[in-house]
Structures are given as C-alpha cells and as structure tokens.
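Read through the structure below, which is laid out as structure tokens, and then see the notes.
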Amino acid sequence: MATPTLDKADKAPEPEAGFADSPYITATFRIRRFNPEVSDEAQWQDFQIEIDPKERVLDALHKIKWNQDGTLTFRRSCAHGICGSDAMRINGKNRLACKTLIKDLSPEKPITIEAIKGLTVLKDLVVDMDPFFQAYRDVMPFLITKGNEPTRERLQSPEDRERFDDTTKCILCAACTSSCPVFWNDGQYFGPAAIVNAHRFIFDSRDEGGEQRLEILNDRDGVWRCRTTFNCTDACPRGIEVTKAIQEVKRALITRRF
Amino acid sequence: MQIHKYDTVIVGAGGAGMRAAIESTKRSRTAVLTKLYPTRSHTGAAQGGMAAALANVEEDNWEWHTFDTIKGGDYLVDQDAAEILAKEAIDAVLDLEKMGLPFGRTPEGRIDQRRFGGHSRNHGEAPVRRACYSGDRTGHMILQTLYQNCVKEGVEFFNEFYVLDQLVVEVDGVKKSAGVVAYELATGEIHVFQAKSVIYASGGTGKFFKVTSNAHTLTGDGQAACYRRGLPLEDMEFFQFHPTGIWRMGILLTEGARGEGGILRNKDGERFMEKYAPVMKDLASRDVVSRSIYTEIREGRGCGPEGDHVYLDLTHLPPEQLDAKLPDITEFARTYLGIEPYTDPIPIQPTAHYAMGGIPTNVEGEVLADNTTVVPGLYAAGEVACVSVHGANRLGTNSLLDINVFGRRAGIAAAEYAEKSDFVELPENPAQLVVDQVERLRDSTGTERVATIRQELQECMDANVMVFRTEQTIKTAVDKIAELRKRYLDVSVQDKGKRFNTDLLEAIELGNLLDLAEVMATSALARKESRGGHYREDYPNRDDVNFMRHTMAYREVAEDGTESIRLDYKPVVQTRYQPMERKY
Ligand SMILES: Cc1cc2nc3c(=O)[nH]c(=O)nc-3n(C[C@H](O)[C@H](O)[C@H](O)COP(=O)(O)OP(=O)(O)OC[C@H]3O[C@@H](n4cnc5c(N)ncnc54)[C@H](O)[C@@H]3O)c2cc1C
Ligand code: SF4
Ligand code: FES
C-alpha cells in the first residue's frame, strides 16, 4: 500500500470511516423543508441517520443529502467555520452547521433544523442574502484615508491594532443579524453584522472616515434601534462581542464632536 | 438563455479573482462570476501568512526569497516568474496594507513577520522571518480586505453563478476566447457571457482527495472547462500534502504553528524532524516533512492505537502566545477534537492541500495553448493557474503572494487587452454543451449515485497517489478512475428542479474531479522520478536529465469519439540558479 495510514480506505467503502473507536447513534433530524417549485407551504420532515456524535451537523446534513434525499438544499463550503455559508437555526439557536457537533445537541431528542429568520427563505435552508450584504455595503466597509499615500506601510502600534481586533474576525455569516428581534420586525434596520463591520473601521487608527460612517449609523435605521438583547453575541460563531461593539459605536456617536 | 456582454469577465472571487477585479474594473467594464458569495471563497481559510522580503524584523532581500522559492519547488520553478513573484511581493503586501489589511505589528508599528517552512536567510543558512501575517487569519483578512475594496470600487458580481464552459473559437487557425457559459444557481437559467477577456481565478481542485484541507467547493471547475476545450494542463501530478492536517479530518493547522515554535513528535516523544532535516528541522519544506511523518508511521513510531498519526506539540509555548498568534487553530483543536492545546499535543497527519499544477500561463497571466502560443483574451491566476512559480512543491505563504501578484497582473493585462480588441464572435449555439450536460443529468434514470462515485474516487486517490506513489499504485488509480468515469455516465440526480439545484451541481462538479484525477494520475505515471510533491518509491531520485521539464496534458478526442490524454513536455525556464541537491 502506498500510504500506510489510509490502508483501510481500500476496503468496502463505509460512509462512517471517520472515527473508528466511537459508538454510533441513531439521531432524528427534523428539518424545515420549503420548495416553492413543489408547494407554497413549508413543512417539517424527519430523517433518521446513524452517526457518530462527534461529527458535525453539516456531516449529518450531507449524509441525508447524499444517501437519502438529494433535494435537501443548504449552502456550505469550508466545513470548519471559516467561510460563513451555513448559518442555520439548530434546536432554535443560530449556529454554523459545520461548527456544531451532534453530541452537544442532546441527540436523544429530535434535532430541529430550519433556515435563519428575517431573511426570505428561497429553498429549504437557503435564504436570500442580498439584503444582508446590502446593509453591509451601506456602512462603507472599507478604509477611508485622506492625503497622500505613504511609500511604505502606515504605522500602527500593536495596541492600536488590538483595539479593533475583535470585529475583524467577522465572516459575514448573518447568524447575529438573523437572531435579532429588531431585525425580524424591521428589515430596514442595518442589523448587528453591518454595525460590527462599521466598528472595525471606526476604531481603526488608520481610518479617517469615521464621521461619515457614524452619520450613516445615526440614521433612524441605525444603531439606536438596538435594544441590547444580546442574542447577537450569543449567536456569533466567531465569539465576537457583538453587543459590546454596538455599544461602543453608540458611545462614539454620543461623544463625538460635531 | 440570456446573453451578456462585458469587456472583461472574471471567473471566481477568491483572492486572485478580486485582486484582478480591482484592477480591471478601473480600466474596463468587468463582471465577476462566482459560484460562492465572494467572502465564502477558500482564500479565507488561509492561516499562516504571505511572504515578502520586507526586512522589517531582520535582514532579508528578494533574491534570497527567489532562491528559496526555486529550491522549494525542486528546480521545476520557472525562474523568471519566481523572480517577479519575490520582487513584486513587497509592493503586494504594502498595497494590501494601504487597502486596510490589519496586519500584525512590531512594537515600532511596522508589519510584523514570522518564520515559515523553507524560507531562509542567505540561501539556506537559517530560517528567516519573511511571512507577513494577521494572527492565524491571514487569508481571512486578505479576502475581507479585497472584498471591501471591491465594494469601494463598485465591482459588479454575479453571485452563485457557476461557470461550466469556456468558449474557444478558431479564427484563422488561432484559438481565441469568446466568453464563458454559466449556470445560475437560484433559477437554473443558463447565461452566456461574451467577453473580450476572460480571467480564470476559480481556485484549486483538492476535493478529489478524501483527507484534505480544501473546501467542498474546490472541484477544479476552471481547469476542467479549459481542458475539455482542448487547452493543456501543466504539471498536474504535483500536489502538495501539507504535513499538519487534523487527524482524519484534514482541517489545516498552519505551518505558522511550527513557525511559532511548535514541534512534531512521534509516539516516543522524539522530535523526529531532527533526523531528516538537521538545519531547518520542523520547518523543512512541506514535501520533506510529510514524507518524514509517513516514514515514522511506517516504521512503527506513529501514535494512537493504530499508530496512524503523529503529534503537533504546542504545550511548551506560553498560552498567551497561542492566544495571540494562533487563536483559530487552537480553537479548531478544541472544537473538533476536544483537545486543549495548552496541555495536550494535537494528533495530525498530512492532508491534501494545494495544486501546484493547473492552466499554464506566462508571467502576464496569458493562457497557453501549447508550449509557446498564447490564447488571445484568455487569462488565469491563482491556484487554478500554473505560471509556474511553485514548481514541484509550493513554499508556505507563497500562494497568498501568488494570488496577489499574478491576480493583479492578470487584471491589468486582461483589461488592457480588452481595451484594444474587439469581441470575438460567439460560436453557433454557444450554450449547447452546458444545456446538454444539464439535461442529461436531470433526465437521467441511471442507477449510479454521485456520493458513491465521489467517495470511491477520494478513497482511491488517498490510497494510491498521495505522499508515496509507485508504478503499481498509480496504475491502480488509473484503472479505478477509468471505471468510475464509465459509471459516471450512468449517474442520476434526485432533484429535478430548477431552483437551487445543488444536487445537480454536485454531479457536474464530480465530472470535473474525475477528469482532473485522470490527468493527475496519467501525468504521475509518466514522471518516473521523484521531485517535490511527487514522490515515486520506485524512482526515489530526482532525474534532471530526463525530467527537468513541465508536463503538458491535452485531451484528445478520436474520430469515433474515444477520449485519451496526450502528454507533452515544456522546458523549464532557468536563469541564474543551477539545480542542486535539495537539503534542509
Ligand atoms: C486551509 C488552507 C490554508 C492555507 N494557508 C495558506 C497560507 O497561510 N499562505 C499561503 O500563501 N497560502 C495558503 N493556502 C493556499 C491559498 O490560500 C490558496 O491557494 C489561495 O487562497 C487560492 O486562492 P484563489 O483566489 O486562487 O482561489 P479561491 O480563494 O479558492 O477562490 C476560488 C473562487 O472561484 C470561484 N469558483 C470556483 N469554481 C467556479 C465556477 N465553476 N464558476 C464560478 N466561480 C467559480 C469560487 O466561488 C471562489 O470565489 C492555504 C490553503 C488552505 C486550503
Ligand atoms: S458578527 Fe459574528 S454572527 Fe455576525 S455576521 Fe459576523 S461572524 Fe457572523
Ligand atoms: S461551511 Fe464554511 S462556515 Fe460552515
């Protein structure tokens, strides 16, 4: 055999060739299905699968799609919590399917999976992301500088760099925005993710566009709609302190000089 | 079917595609077609850093970087291209900083740099700090920064559009690009994009392996689209196996972990890399480290009940350093393995990581139709392309660099070409191939399933054409792939709808993987030597007399419709560095 670790791969393909020593369980996935090509009504559908509880919810969805029902539709790419494709409501909470292990979900009961809320469902777990990205674009999410470009890099102290580190981690997964009750009721609200991305620039010592951005966020659909429910912070798979970031933007609005 | 007309069309919105788009949008009417939302691209998964001889923290210069790149690539690198890469690296990093990228900083406020495998001072004397980074999220920051600047420049994106065909027409005996055909995921509609210039920036093809650091969506669509239209693929036998993937999952743990002082250990706790690479040790180049790991495993010094992995030990590093420099990968270990890297070593194994080969281009990003002729109006950059700056083995941090340097070059060259050229007339029924392909899969009542064939392919590739290869294992792979390709004709999908039919697209992606796997195995079989990432146990030495040359693989279709692969070879460009034995 060419590559010793993988000898076993040559034998009859077992879908679960992942974790040899762990006990498989049978888990029920209760998934909210919707396909307007078939019906205008969404409905719950149960799937039973054998799975290692140390596997990801994304692995479970793949097992269902690949072995039981190819029409089950969801987005995914990286499979390890980096690309932001697969935010969904799992047992009533927004999470990334690829970053949630089955064992952490009390799999003895049916695990419910549905699309994130507040954005139009297009098919099964796929929602229309355009309004989400529009809100992001509206806060001018890019470095704004004035004057001549320096020849070398701009200097920034490690402390100044640290100041906005938390909000640079955002992967635009929409878990926060789609867990926000204000956003559910009013789709015009920018939502936490856009504010997080504004924060990333407002607190970057190199940026000179703070005034413009704060003006945008001062709008009636801006930061003041936030009611500090902390849903967003709980939902964020990157561990960003979303509510704190929003509070800091509010404070910047209050203390800025006009 | 809809027809669109743009000066420049870019296929892919990862680092290479967006870097190109920033340039070409300023100069020409540009559309970016991408099967993922731009920020979902796999560039975002890159962790460790981007190389540039800034000399911010110690003496360094671009000539040393050029040398390391050539040596790292086991002398299969085109040296003119490597020189451009290393020279333009400095501006590439500074440009990103000016665009807003939040690099890690030195106490003086300059861009900080760290060590990385194969990067050395003065031609191999000792490791050098050349990798610019942002924690272990460098790729994420590059992807975000480029997207931010695309928003700023008003780049026009067509999100969730899958490019499935490259339109090539012959005008007066010259192959030219007329545009591309794309499938819109949301609606199932087919779109023809007529364009003066097309740039492929559609990324890698790692999903034909099972244990891989690559995303589910990295299925080599761009390579396959060009190959199917008679354009060559270069050096496809060279694939990089990164030493430190999470055991059995393949999720990457950056080489930066070893750059920060992490150590590889076998079951006896021995720092085994000291035996294989006395100078660079754990920071020898990736092919060397991956082979060393498997040698340890084969000789019975692997860890765990099955002895099938080794450890990446970070326990001697202060928790503050891990938190500051390696926050994401330590979290991966906690999330996916339930291991605390402060106190416990992490089980790892090599993981299929990076395609050195791809669509051949020159240093302007122009695609080659053979060893010398360019295809007017067709460009490629990033992992999909083969310039070749990576030769037989890419150095860590040189790909994030590659996508920026050659993405930028391709963006400028394509827009300038579009400015001075006319549209090439579309062929009759330009969408025919795609329409047929989609309808065949949708209407098929065959009994084969996509998931089964894909799994068999991945297991075959892992077992036979990974870190160690022999004539016999490669032949096993060639035969198996042929069988799978036959069975693929009998594949059917369950989802017959038009809306978000990912079932159908997975079937199409599998077809691409099968084509490319066949090219890889066939190219590997013919290369009877060992070089960089291609290691033949039956030919363990590098053979510069017979194989100091690039492989060029062409798809041939006989009169009766039978397909075959024709292999040809292209000389390596050597400027100032003579091949030497590679030691670390
Ligand atoms: C886990 C990991 C860590 C890495 N770390 C480093 C590192 O530290 N340093 C380094 O230098 N390199 C690193 N690399 C390598 C480097 O990240 C990649 O080679 C590089 O980012 C590839 O960029 P790209 O723009 O070519 O492709 P990608 O970023 O993969 O983008 C591909 C784009 O093409 C689009 N696309 C694909 N197919 C189609 C289609 N059919 N139609 C339309 N669009 C399509 C996708 O939507 C996507 O936008 C790493 C790689 C991995 C996997
Ligand atoms: S702040 Fe967190 S939850 Fe919100 S979009 Fe960004 S990563 Fe996702
Ligand atoms: S698939 Fe990328 S975040 Fe889950």
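Note that the structure is a prediction, hence the values are computed from the model and not measured. Per chain, numbering begins at 1; letters A, B, ... match sequence-line order.
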Requested in this report: May I ask you to name which of B/Gln144, B/Met99, B/Glu108 has the most heavy-atom pairs under 4.5 Å with chain A?
Outcome: B/Gln144

**Report entry** Note, A/Ile82 side chain near B/Asp328 side chain (heavy atom, < 4.5 Å)
**Finding:** yes

Query raised in the report: Does a side chain donor of either A/Trp66 or B/Gln455 reach within less than 3.5 Å of an acceptor in the other side chain?
Result: no

Query raised in the report: Would A/Arg152 and B/Glu97 pass as an ion pair if we require N to O under 4.0 Å?
Result: no

Report task. May I ask you to test the B/Gln148-A/Arg200 pair for a side-chain heavy-atom distance under 4.5 Å? Result -> yes

Query raised in the report: Within a strict 4.5 Å, meaning less than it, do heavy atoms of the A/Ser157 and B/Arg105 side chains meet?
Result: no

Query raised in the report: Can you say whether B/Ile111 sits under 4.5 Å from chain A via the side chain, the backbone, both, or neither, judging by heavy atoms?
Result: both

Query raised in the report: Given that the side chain runs from C-beta out, which part of B/Ser41 has a heavy atom under 4.5 Å from chain A: side chain, backbone, both or neither?
Result: neither

Report task. Taking all non-hydrogen atoms of both residues into account, name the closest pair between A/Gln68 and B/Gln494 and its distance. Result -> O-NE2, 3.5 Å

Report summary line: When every non-hydrogen atom of A/Thr73 is compared with those of B/Thr502, the smallest separation belongs to CG2-OG1, 3.9 Å

**Report entry** Options A/Asp69, A/Thr145, A/Asp204, ranked by heavy-atom pairs under 4.5 Å with chain B, top entry
**Finding:** A/Asp69

Query - Salt bridge B/Lys98-A/Glu153, side-chain N to carboxylate O under 4.0 Å - result: no

Requested in this report: Using a cut-off of 6.0 Å, state whether more than 12 heavy atoms not belonging to A/Glu208 lie near its atom CD.
Outcome: yes

**Report entry** Heavy-atom check, side chain of A/Gln156 versus side chain of B/Phe103, under 4.5 Å
**Finding:** no

**Report entry** Heavy-atom contacts under 4.5 Å, residues 129-141 of chain A to chain B
**Finding:** A/Met129, A/Asp130, A/Phe133, A/Tyr136, A/Arg137, A/Pro141

Report summary line: Contact list (residues 160-173 of chain A to chain B, heavy-atom gap under 4.5 Å, by number) returns A/Arg161, A/Phe164, A/Asp165, A/Thr168, A/Lys169, A/Cys170, A/Ile171, A/Leu172, A/Cys173

**Report entry** Donor-acceptor contact present, side-chain B/Arg499 to main-chain A/Leu122, <3.5 Å
**Finding:** yes

Report summary line: In terms of heavy-atom pairs under 4.5 Å with chain B, the winner among A/Asp128, A/Asp104, A/Val126 is A/Val126

Query raised in the report: Of the backbone (N, CA, C, O) and the side chain (C-beta and beyond), which part of B/Pro102 lies under 4.5 Å from a heavy atom of chain A, both, or neither?
Result: both

**Report entry** Backbone N/O of A/Gly84 and side chain of B/Arg40: donor-acceptor pair under 3.5 Å
**Finding:** yes

Query raised in the report: Where does B/Leu101 contact chain A at under 4.5 Å (heavy atoms): side chain, backbone, both or neither?
Result: backbone

Report task. Could you check if a side-chain atom of A/Arg75 sits within less than 4.5 angstrom of a side-chain atom of B/Glu160, using non-hydrogen atoms only? Result -> yes

Report task. Tell me, for B/Arg449 versus chain A, whether the close heavy atoms (under 4.5 Å) come from the side chain, the backbone, both or neither. Result -> side chain

**Report entry** Where A/Ser77 and B/Thr217 come nearest, the two heavy atoms and their spacing
**Finding:** OG-OG1, 2.6 Å

Requested in this report: Quick one: which of A/Pro150, A/Gly81, A/Ala79, A/Pro36 has the most heavy-atom pairs under 4.5 Å with chain B, could you say?
Outcome: A/Pro36

Requested in this report: Please state whether the side chain, the backbone, both or neither of A/Leu101 comes within less than 4.5 Å of a heavy atom of chain B.
Outcome: side chain

Query raised in the report: Is there a side-chain contact between B/Leu337 and A/Lys54 (heavy atoms, below 4.5 Å)?
Result: no

Query raised in the report: Is it the side chain or the backbone of A/Arg238 that comes within 4.5 Å of chain B heavy atoms, both, or neither?
Result: side chain

Query - SG-OH distance between A/Cys83 and B/Tyr37, expressed to the nearest 0.5 angstrom - result: 13.0 Å

Report task. Could you tell me whether B/Glu331 and A/Lys99 have a side-chain N and a carboxylate O separated by less than 4.0 Å? Result -> yes

Requested in this report: Quick one: closest heavy-atom pair of B/Asp495 and A/Gly70, and the distance?
Outcome: CB-O, 4.1 Å

**Report entry** Shortest non-hydrogen contact between B/Gly497 and A/Glu37, atoms and distance
**Finding:** CA-OE1, 3.5 Å

Report summary line: Ranking B/Leu504, B/Asn149, B/Val493, B/Asn56 by heavy-atom pairs under 4.5 Å to chain A gives rank one to B/Asn56

Requested in this report: Select one option (side chain, backbone, both, neither) describing which atoms of B/Lys498 are under 4.5 Å from chain A's heavy atoms.
Outcome: both

Query raised in the report: Highest number of heavy-atom pairs under 4.5 Å with chain B: which of A/Glu159, A/His62, A/Arg154?
Result: A/Arg154

Query raised in the report: Checking A/Arg206 against chain B: side chain, backbone, both or neither under 4.5 Å from a heavy atom?
Result: side chain

Report task. Please check if the distance between the ring centroids of A/His80 and B/Tyr336 is under 6.0 Å. Result -> no

Query raised in the report: So do B/Phe500 and A/Leu125 actually touch side chain to side chain, heavy atoms under 4.5 Å?
Result: no

Query raised in the report: Which atoms of A/Thr151 come close to chain B, meaning under 4.5 Å heavy atom to heavy atom: side chain ones, backbone ones, both, or neither?
Result: backbone

